[in-house]
Amino acid sequence: MLKIQIIPVLTDNYIYLLHDTVSQQTAAVDPAEAEPVLQTLKQQGWQLDFIFNTHHHTDHIGGNRALQKATGCQIIASQFDSERIAGVTRAVNDGDVLYLGGLCFQVIATPGHTLGHIVYYCAEAACLFCGDTLFMLGCGRLFEGTAAQLWQSLQKIIALPPETKLYCAHEYTLTNACFALSVEPDNPALQQRVLKCQQQRAAQQPTVPATVAEELACNPFLRPNSLAIQQQLQMLGQTEQAVFTQLRYLKDSFI
Ligand code: ZN
Ligand code: FE
């Protein structure tokens, strides 16, 4: 069985500690900092075997070297990023498979936010660690890739089973909610979801994870086929990719 421990760090980052209860193997997804990971490992009595990096940004790899030094763990990252992430012990590509004990994780390439961005999917535990590709009610900014690339990448995520739980790397949900409501104010699923997320944040709980089905119902970046959104953007009948591109552009300057 897969246990997932959420560690909030920095301003709004989440580190995920994954622990296979059968083999006792443990992985840290995007350790921005080492110290909180070491503390949690100690509390749980776990030993770190792997780091899974989604991409090379500092707020995702900042704890890599200290953790590797302290635990001797392997560092997994995309081949594309293997030159710009220090200490990588295994470079992976789209379709590669990793094992945490007996649990299988599939690597899916999702360029857009960065060109080397990858996500980690565990079908058995029905979860995806999606870094900065998809956020709850939002998606990653385009630092290196194009909107067309990111749209293609998001297609791979929404093709996963609807019950798949999405673990993104930042708590951006309430700011994303403001933009989502501005482009689709009358979506009842979105309205309810925002209320739920507001309650979670008021109780200092993460709004992560959400499922693919929930995001499909609420996240405007996954809904460029929505007539309400198309109307709001004055883009009725345009392609999904064109509407997505415009949404990404509008979000960049949204206050
Ligand atoms: Zn990033
Ligand atoms: Fe980030």
Side-chain angles (χ1 to χ4, degrees), residues 1-9 13-32 34 36-55 60-61 63-64 67-68 70-82 85 87-110 116-136 153 156-170 206 208-215:
M1 201 192 85
L2 180 66
K3 268 195 190 173
I4 302 170
Q5 192 85 27
I6 304 182
I7 310 175
V9 295
N13 278 76
Y14 288 131
I15 301 171
Y16 299 109
L17 265 193
L18 317 184
H19 180 74
D20 172 36
T21 53
V22 179
S23 66
Q24 301 291 321
Q25 286 205 321
T26 305
V29 182
D30 285 349
V37 173
L38 291 170
Q39 270 174 31
T40 309
L41 288 167
K42 204 172 165 187
Q43 277 164 15
Q44 301 288 334
W46 297 346
Q47 302 216 331
L48 192 65
D49 300 284
F50 303 102
I51 288 169
F52 292 171
N53 285 138
T54 63
H55 64 296
H60 299 256
I61 66 167
N64 274 18
L67 285 171
Q68 194 174 45
T71 67
C73 67
Q74 285 196 48
I75 298 178
I76 319 284
S78 77
Q79 178 100 58
F80 191 94
D81 287 340
S82 59
I85 298 177
V88 172
T89 53
R90 180 167 170 198
V92 292
N93 290 296
D94 187 52
D96 283 356
V97 160
L98 302 162
Y99 285 92
L100 181 70
L103 287 166
C104 175
F105 285 79
Q106 192 188 325
V107 174
I108 304 172
T110 58
H117 200 295
I118 54 175
V119 298
Y120 297 86
Y121 174 54
C122 179
E124 198 181 328
C127 60
L128 178 78
F129 297 89
C130 53
D132 287 358
T133 294
L134 178 74
F135 297 120
M136 309 298 86
S153 296
K156 297 182 186 177
I157 294 179
I158 61 184
L160 297 173
E163 67 276 12
T164 307
K165 292 182 283 299
L166 302 166
Y167 290 86
C168 60
H170 291 272
V208 177
T211 63
V212 166
E214 288 174 300
E215 286 302 307

S.K.: Kindly compute the distance separating CG (L17) from CD (Q44), expressed to the nearest 0.5 Å.
M.R.: 8.0 Å
S.K.: Side chains of D132 and T54, heavy atoms from C-beta outward: is any pair under 4.5 Å?
M.R.: no
S.K.: Out of curiosity, I118 CD1 to F52 CZ, how far, rounded to the nearest 0.5 Å?
M.R.: 9.5 Å
S.K.: Please walk me through it: do L18 and Y120 pass side chain to side chain contact (heavy atoms under 4.5 Å, CB included)?
M.R.: CA-CA 12 Å; L18 317 184; Y120 297 86; over 6 Å; no
S.K.: Hey, does V107 have a side-chain heavy atom less than 4.5 Å from the side chain of N93?
M.R.: no
S.K.: At their closest point, which heavy atom of A91 faces which heavy atom of V88, and how far apart are they?
M.R.: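 Closest approach of A91 to V88, heavy atoms only: N-CG1, 4.0 Å.
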S.K.: So, do T110 and C130 sit near enough that their side-chain heavy atoms are less than 4.5 Å apart?
M.R.: no
S.K.: D30 and G131: which non-hydrogen atoms are nearest, and at how many Å?
M.R.: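 Looking at all heavy atoms of both residues, the closest pair is OD2-CA, 4.2 Å.
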S.K.: Please report the shortest heavy-atom distance between P162 and T211, naming the atom on each side.
M.R.: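 That would be O-CB, 3.5 Å.
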S.K.: With sequence neighbours left out, write down each residue that passes side chain to side chain contact (heavy atoms under 4.5 Å, CB included) with E124, or none if nothing qualifies.
M.R.: L103, C122
S.K.: Has the side chain of N64 got a donor or acceptor atom that lies under 3.5 Å from a matching backbone atom of I51?
M.R.: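 No; judged by distance alone, with no hydrogens or angles, the pair does not exist.
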S.K.: Quick one, F105 and L2 - any side-chain contact, counting heavy atoms below 4.5 Å?
M.R.: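 F105 reaches L2 side chain to side chain.
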S.K.: What's the separation between atom CG in L128 and atom OH in Y121, rounded to the nearest 0.5 Å?
M.R.: 8.0 Å
S.K.: For N53 and D81, which I'm curious about, is there any donor-acceptor pair between the side chains at under 3.5 Å?
M.R.: no
S.K.: Give the minimum heavy-atom separation between M136 and A210, together with the two atoms involved.
M.R.: SD-CB, 3.4 Å
S.K.: Out of curiosity, T40 OG1 to I7 CD1, how far, rounded to the nearest 0.5 Å?
M.R.: 3.5 Å
S.K.: Check whether any side-chain heavy atom of V22 lies under 4.5 Å from a side-chain heavy atom of M1, and answer yes or no.
M.R.: no
S.K.: Side chain to side chain contact (heavy atoms under 4.5 Å, CB included) with Q47: which residues, sequence neighbours excluded?
M.R.: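 Scan of Q47 (side chain to side chain contact (heavy atoms under 4.5 Å, CB included), adjacent residues dropped) gives none.
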S.K.: To the nearest 0.5 angstrom, please state how far the CG atom of D96 sits from the CZ atom of R90.
M.R.: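 The CG atom of D96 sits 6.0 Å away from the CZ atom of R90.
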S.K.: Which word best sums up how the rings of Y167 and F129 line up, parallel for under 30°, tilted for 30 to 60°, or perpendicular for over 60°?
M.R.: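 Y167 and F129: parallel rings.
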S.K.: Do Q5 and H19 have side-chain heavy atoms sitting under 4.5 Å apart?
M.R.: no
S.K.: I'd like to know if the side chain of T164 and the backbone of V212 have a donor-acceptor N/O pair within less than 3.5 Å.
M.R.: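 Not a single qualifying donor-acceptor pair exists.
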S.K.: Tell me the closest heavy-atom pair linking I157 and L166, and the distance in Å.
M.R.: CG2-CD2, 3.9 Å
S.K.: Determine whether L38 and L48 make a side-chain contact, defined as any pair of heavy atoms from C-beta on separated by less than 4.5 Å.
M.R.: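 Side chain of L38 against side chain of L48, heavy atoms only: no contact under 4.5 Å found.
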S.K.: Flag the pair I6 / Y16 as yes when at least one side-chain heavy-atom distance between them is below 4.5 Å, and no otherwise.
M.R.: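 The answer is yes, as the side chains (C-beta and beyond) meet within the 4.5 Å cut-off.
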S.K.: Does H170 use its side chain to pair, donor to acceptor, with the backbone of F135 at less than 3.5 Å?
M.R.: no
S.K.: Hey, does the side chain of D49 reach the backbone of A27 with a donor-acceptor pair shorter than 3.5 angstrom?
M.R.: no
S.K.: Where is the tightest heavy-atom contact between V97 and C104, given as atom of each residue plus distance?
M.R.: CG1-SG, 3.4 Å
S.K.: What's the separation between atom CD1 in I15 and atom CG in L67, rounded to the nearest 0.5 Å?
M.R.: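 Taking CD1 in I15 and CG in L67, the distance rounds to 8.0 Å.
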S.K.: Which label fits H55 and H60: parallel for a plane angle under 30°, tilted from 30 to 60°, or perpendicular past 60°?
M.R.: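 Rings of H55 and H60: tilted, as their planes differ by 30° to 60°.
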S.K.: Just jot down the side chain to side chain contact (heavy atoms under 4.5 Å, CB included) partners of K156, sequence neighbours excluded, or say none.
M.R.: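 Partners of K156 by the side chain to side chain contact (heavy atoms under 4.5 Å, CB included) criterion, ordered by chain and then number, come out as D94, I108, A109.
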